[in-house]
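Because the structure is a prediction, the values reported are computed rather than measured. Computed from heavy atoms alone, side chains included, the values below leave out hydrogens, waters and symmetry copies.
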Amino acid sequence: MMEAFRKAILQAGPPETFALKTVQEVIKPQKQTKLAQDENQLLENMLRTLLQELVSSAVQSGEEIMLYGKSIDDVDEMQGVIPRLLDVVLYLCEKEHVEGGMIFQLLEDLTEMSTMRNCKDIFRYIESKQDILGKQELFARGKLVMLRTCNQLLRRLSKANDVVFCGRILMFLARFFPLSERSAVNIKGVFNTSNETKYEKDPPEGISVDFNFYRTFWSLQEYFCNPASLSNAPLKWQKFTASLMVVLNTFDAQPLSEEEGAENNLEEEATTFNIKYLTSSKLMGLELKDPSFRRHILLQCLILFDYLKAPGKNDKDSSESMKEEINSCEDRVKKLLEVTPPKGKDFLHSIEHILDREKNWVWWKRDGCQPFEKQPIEKKTVHDGTKKRRPRWRLGNKELSQLWKWADQNPNALTDSQRVRTPTISDYWKPLAEDMDDSAGIEAEYHHKNNRVYCWKGLRFSARQDLEGFSKFTEHGIEGVVPLELLPPEVRSKFQGKPSDRSKRAKKEEMRSTSHQVEESQIATPASEIEGEGIRADAEASVAVMDTDVSTATGNNSQGGTPTPEPDEHQKQSPDTDVGQEAGQLEADAEVETGMIDGETDPEAESDHVG
């Protein structure tokens, strides 16, 4: 059976011309176009054995794996035997003739059997087939196998010598997996504490080096490796800031000139860039003169500060003094980056832009990595062959133009009172009242009181329509504004007013209404009746005034006040005046009695009595 596949992959032409026919001849499946489970397993075992034999033959011949079997006289379009085999299997998986994860299994076996030099060519093939491998029918079956394959390659590669290849693998994974894939976002925010920076602990002999500064400088890497250790450890934070100030003061004392920045061409250094710097004490002086080295350290500081300032993470642990120190250190680091040549301002601007974008990434992770891919919109094809002209609207879009058209056709459309309906207080607060009912079982995080817009609108409605309920906001919060008739009995008792307060207000209103009725009845007395009984009215008025004075004086003495003097005789001039005085005196008596019932005194009335 393997010989049949050997002959098939050596045939010229695309795989679709012979792939399915070869499978049918070798396996003889029950169905003509799709293999069963046991048939898939049989074919996979056979292909893995064939691949192993081809790799062994390529190694024995000394040729590169991906070029094995390609003749020197072949044109450039011709492939080796192994890529040809992979293309055949990829076609069968894409057309769902065989199980979709078969191609991923062969790629994993191929990388495990190859050296790192050959793995670069294999990975180049994987990158060229990324669009086909990323299709949903294949991706769902082989995403875990591909992730395992890439991780195994990363473990085998040197992070110092194979930086570019590592970056290619990471970029492929970022494009191959969707952004909402949770396997690559580090939900818990765990730091790679195994990335330890080793440096000399004892000063070297025979070399004049500021070893204290050297040790202080490289000790910062312990904090950069694990920023979370600084969030709830004040002693560590103080030690870190002290060491950082020493380093920043040294950078300030030894500024770099434009000539030194021009000598270190960062673009040329990118080809030989290493992920970690050498930590020998002999190189300390040279590294301080390197602008890329300074930028590396200062950028680490900004990343650490950005982590500590992240909202919601360290608000409880960090104090106000710590926040101020973070802001001051951050400003100082940015100033040093700005004056570090070459193009310090442009470099700082790019870093600030990247850190701002990183905040969106952090918030997305904290929200649970919600998927945000949008389905593509189906484009409608124009059958007549002519390009359809976009319609032009009078007011910019269809909705506004239609609204304006309706207003022209119906003049009352914008003035109708039913166009905008304001809900009643009961209807508006009903959802919040249901939240307050414990029997409803609504969780606290879904309560309407957490919606600031809802509460703000409700307070505006209550201020216009229910002042009594609005006044309860200061004492009970937003739940106190809800009308009592909407609340269940067990909840209503918490927000009901005190009976003594209501009775006091009711009595006060009753006494005020009584005093107004007496005043109106006195003013409405006919003038003829007053003239017929002039002498008796004068006598009754004088007696009433004297009684009022005596009662007022008694009330003032009980409150520690001074009794008011009696009115003069010459003030009684006419019956009309007597009637006015009598009515005014009755109103004063009513107000005094009301104050005595409520247990309160009017400050203005009391001051008049004292005067």
Side-chain angles (χ1 to χ4, degrees), residues 64-66 83 86-87 90 94 101 103-112 114-136 138-187 189-192 194-195 266-276 292 295-296 299-300 302-303 306 347 350-365 369 371-374 376:
E64 295 183 4
I65 290 179
M66 300 300 286
L86 295 176
D87 286 344
L90 181 60
E94 183 183 5
I103 180 63
F104 296 95
Q105 189 63 52
L106 293 180
L107 290 172
E108 183 183 19
D109 293 345
L110 185 59
T111 55
E112 290 179 351
S114 305
T115 62
M116 293 310 304
R117 181 180 178 182
N118 290 324
C119 283
K120 292 182 180 180
D121 297 332
I122 299 171
F123 194 77
R124 190 177 295 111
Y125 173 84
I126 295 175
E127 290 176 322
S128 64
K129 305 297 182 180
Q130 176 184 342
D131 295 336
I132 302 177
L133 294 173
K135 290 184 177 181
Q136 186 61 33
L138 299 182
F139 174 79
R141 295 295 185 91
K143 63 178 183 178
L144 296 180
V145 180
M146 179 57 66
L147 180 62
R148 184 170 64 244
T149 303
C150 293
N151 287 335
Q152 289 175 354
L153 285 175
L154 289 174
R155 293 189 188 98
R156 294 169 60 186
L157 291 172
S158 171
K159 294 182 180 179
N161 300 326
D162 300 318
V163 178
V164 177
F165 192 19
C166 291
R168 286 173 54 193
I169 296 175
L170 294 176
M171 291 297 294
F172 169 77
L173 290 175
R175 294 191 300 265
F176 185 70
F177 286 88
L179 288 176
S180 57
E181 177 64 32
R182 295 171 62 90
S183 62
V185 295
N186 191 10
I187 297 295
V190 180
F191 290 93
N192 183 19
S194 61
N195 184 18
L266 301 181
E267 295 180 357
E268 295 180 358
E269 290 182 1
T271 58
T272 59
F273 176 75
N274 292 326
I275 197 170
K276 292 179 74 70
S292 62
R295 285 179 173 178
H296 182 88
L299 180 56
Q300 284 182 304
L302 291 182
I303 295 174
D306 190 66
F347 181 80
S350 301
I351 293 301
E352 290 177 342
H353 177 69
I354 293 173
L355 292 178
D356 288 338
R357 290 175 60 89
E358 185 69 15
K359 293 178 182 178
N360 299 330
W361 178 260
V362 172
W363 278 113
W364 174 71
K365 287 174 61 176
C369 302
F372 52 85
E373 291 90 350
K374 296 183 179 179

CG on Leu107 to CD on Glu112, rounded to 0.5 Å:
11.5 Å
So Trp361 and Trp364, would you call those rings parallel, tilted or perpendicular, with 30° and 60° as cut-offs?
tilted
Side chain to side chain contact (heavy atoms under 4.5 Å, CB included) partner of Met146, chosen from Leu138, Ile126, Asn151
Ile126
Hey, are Arg156 and Asp162 close enough for a salt bridge, meaning a charged N less than 4.0 Å from a carboxylate O?
no
Checking side chain to side chain contact (heavy atoms under 4.5 Å, CB included) against Thr111, which of Asn118, Thr149, Leu106 comes through?
Thr149
Where Gly134 and Phe139 come nearest, the two heavy atoms and their spacing
O-CB, 3.9 Å
To the closest 0.5 Å, what do you measure between CD1 (Ile122) and CZ (Arg117)?
13.0 Å
What is the distance from atom CD of Glu127 to atom CD1 of Ile169, rounded to the nearest 0.5 Å?
9.0 Å
Please name the pair of heavy atoms, one in Cys166 and one in Ser158, separated by the smallest distance, quoted to 0.1 Å.
SG-O, 4.3 Å
Check whether any side-chain heavy atom of Ile351 lies under 4.5 Å from a side-chain heavy atom of Leu355, and answer yes or no.
yes
Please say whether more than 12 non-hydrogen atoms of neighbouring residues, nucleotides or ligands are located less than 6.0 Å from NZ in Lys129.
yes
For residues Lys159 and Leu154, determine if any side-chain heavy atom of one lies less than 4.5 Å from a side-chain heavy atom of the other.
no
In this structure, CZ of Arg168 is separated from CZ of Phe123 (nearest 0.5 Å) by 6.5 Å
Answer yes or no for Arg141 and Phe104: cation-pi contact, defined as NZ/CZ to six-membered ring centre under 6.0 Å and angle to ring axis within 45°.
no
Any side-chain heavy atom of Phe165 within less than 4.5 Å of one from Met116?
yes
Distance col, row Ile103:CD1 vs Leu90:CG, nearest 0.5 angstrom, shows 5.0 Å
Side-chain heavy atoms of Leu110 within contact of Ile65, under 4.5 Å
yes
When rounded to the nearest 0.5 Å, the distance separating SG of Cys119 from CG of Leu157 is 8.0 Å
For residues Phe176 and Gln130, report the shortest heavy-atom separation together with the two atoms involved.
N-NE2, 4.0 Å
